[in-house]
Amino acid sequence: MPRMQQDADEDVKSSGTILGSLAVAFPRTLPIMAGFLVLGISYGFLMTSRGFPVIYPLAMSALIYAGSMEFVTVDLLMSTFNPWGALMLTLMVNARHLFYGLAMLPVFRGTGRKKPYLIFGMCDETFALESADPHPAGTDKGWYLFFVTLLNQIYWVGGATLGAVLGNLANFDTRGLDFVLTAMFLVLFLEQWRQAEARVPALIGLLASLACLLVFGPDRFIIPSMAVILAVFILLDFRSQREAS
């Protein structure tokens with residue numbers, strides 16, 4: 001009996017930890033929910049306006065789950081088959097995720113079987129939320145990260161599917177919908193700029209991106225700008241270590 005009671009207590013404690021992590025994660029993802037629903041609905045509208053059935057935005061939002069690349073994929077699906085071009089374009093659009101992965105390596109340590117999904121579900125907004133506070137008080141880190149990732153994906157998939165359904169029921173001019181994602185990135189940048197105490201990293205990223213945009217053009221500047229940003233950060237870190245020693 002004591003053993004059975006101990007197991008029952010542990011189950012209750014585990015359940016409470018899981019629910020507590022969900023209770024903390026949900027309100028923190030509400031701003032992302034508002035943005036993802038609007039963006040997802042816009043994406044669903046865009047897909048149906050190009051003649052794709054509802055299953056396309058549903059499957060793409062669930063399996064690709066990369067907002068900017070999903071918008072780009074609309075034109076890829078309607079253009080001439082070019083797998084090499086699609087690969088290089090995807091790499092350029094999503095190259096920033098390489099840096100997200102490096103930054104989140106210590107955060108994901110110890111998350112066990114949740115780690116594969118955490119890696120798959122990483123996006124800009126999830127990265128910003130989880131890197132800012134990966135383990136709030138009163139939560140289990142693994143479950144908190146899992147619920148943040150899961151909730152954000154649910155918002156995106158739900159918005160895209162809803163937009164596709166509504167797009168089949170209503171006909172209107174969809175010009176400009178593909179700019180919604182750009183507008184969201186701008187808002188996220190301005191919000192982080194406003195809250196950040198140290199703005200040097202943001203300035204480095206902005207200036208490097210502008211310089212590479214002028215040199216390489218709008219179609220090829222992403223990877224060079226990432227390389228320049230990484231090189232500058234390595235040099236600054238090396239300099240600070242030399243000064244400290």
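By the 30° and 60° cut-offs, the orientation of the rings of Tyr56 relative to Phe52 is tilted.
At a threshold of 4.5 Å between side-chain heavy atoms, the hydrophobic network of Ile, Leu, Val, Met, Phe, Trp and Tyr places Ile55 and Val157 in one connected group. At a threshold of 4.5 Å between side-chain heavy atoms, the hydrophobic network of Ile, Leu, Val, Met, Phe, Trp and Tyr places Leu58 and Leu63 in two separate groups. Hydrophobic clustering, with ILVMFWY side chains joined whenever heavy atoms are under 4.5 angstrom apart, keeps Tyr100 apart from Phe233. Hydrophobic clustering (ILVMFWY, side-chain heavy atoms < 4.5 Å, transitive): Leu206 and Leu214 are in distinct clusters. Hydrophobic clustering of Ile, Leu, Val, Met, Phe, Trp and Tyr side chains at less than 4.5 Å, counting indirect connections, unites Phe127 with Leu30.
Residues Tyr144 and Pro134 share a closest heavy-atom pair of CD2-O, 3.5 Å. Closest approach of Ala86 to Leu76, counting heavy atoms only: CB-CD1, 4.2 Å. Contact record, Leu151 with Ala25: CD1-C, 4.3 Å, taken as the closest heavy-atom pair. For the pair Val38 and Ser42, the tightest heavy-atom approach, listed with the atom from each and the gap, is O-OG, 2.8 Å. Nearest heavy atoms, Ala164 versus Thr48: O-CG2, 3.3 Å. The two atoms that bring Ile32 and Tyr155 nearest to each other are C-CD1, 4.4 Å, heavy atoms only.
Between Val228 and Cys212, some side-chain heavy-atom pair lies under the 4.5 Å cut-off. Between Leu102 and Leu98 there is no side-chain heavy-atom pair separated by less than 4.5 Å.
Annotation: the span from Met60 atom CE to Trp156 atom CH2 amounts to 10.0 Å, rounded to 0.5 Å. To the nearest 0.5 Å, the span separating CE on Met122 from CD on Glu130 amounts to 4.5 Å. Note that CG of Leu162 and CZ of Phe45 are 7.5 Å apart. Values are rounded to the nearest 0.5 Å. Going from atom CD1 of Ile154 over to atom CG of Leu37 covers 11.5 Å, rounded to the nearest 0.5 Å. Here the straight-line distance linking atom CG of Leu77 with atom CZ of Arg50 works out to 11.0 Å at 0.5 Å rounding. The distance from the CG atom of Asp124 to the CG atom of Asn152 is 11.0 Å, given to the nearest 0.5 Å.
Listed for the Ser21 side chain is a donor-acceptor partner under 3.5 Å among the backbone atoms of Asp140. Judged by distance alone, with hydrogens and angles left aside, the side-chain atoms of Lys141 form a donor-acceptor pair with the main-chain N or O of Val107 at under 3.5 Å. One N or O on the side chain of Tyr65 and one on the backbone of Gln153 form a donor-acceptor pair closer than 3.5 Å. Side chain of His97 to main chain of Gly101: no donor-acceptor pair is present (N/O by atom type, distance under 3.5 Å, no hydrogens or angles). A donor-acceptor contact shorter than 3.5 Å links the side chain of Ser61 to the backbone of Pro57. A donor-acceptor distance shorter than 3.5 angstrom exists from the side chain of Ser209 to the backbone of Gly205, with no hydrogens or angles considered.
Outside the 6.0 Å centre-distance limit, the rings of Phe147 and Phe26 are not counted as a close aromatic pair.
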Report task. For side-chain contact (heavy atoms from CB on, under 4.5 Å), just list the numbers for Tyr117 and Leu150, CA-CA rounded to whole Å, side-chain angles, deciding distance to a tenth of an Å, and then say yes or no. Result -> CA-CA 9 Å; Tyr117 177 67; Leu150 178 64; 3.6 Å; yes

Requested in this report: For the pair Ser225 and Leu213, evaluate side-chain contact (heavy atoms from CB on, under 4.5 Å) and give the outcome as yes or no after the intermediate values.
Outcome: CA-CA 8 Å; Ser225 63; Leu213 176 62; over 6 Å; no

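With Met47 as the partner, the side chain to side chain contact (heavy atoms under 4.5 Å, CB included) test is satisfied by one option alone out of Val74, Thr73, Val54: Val74.
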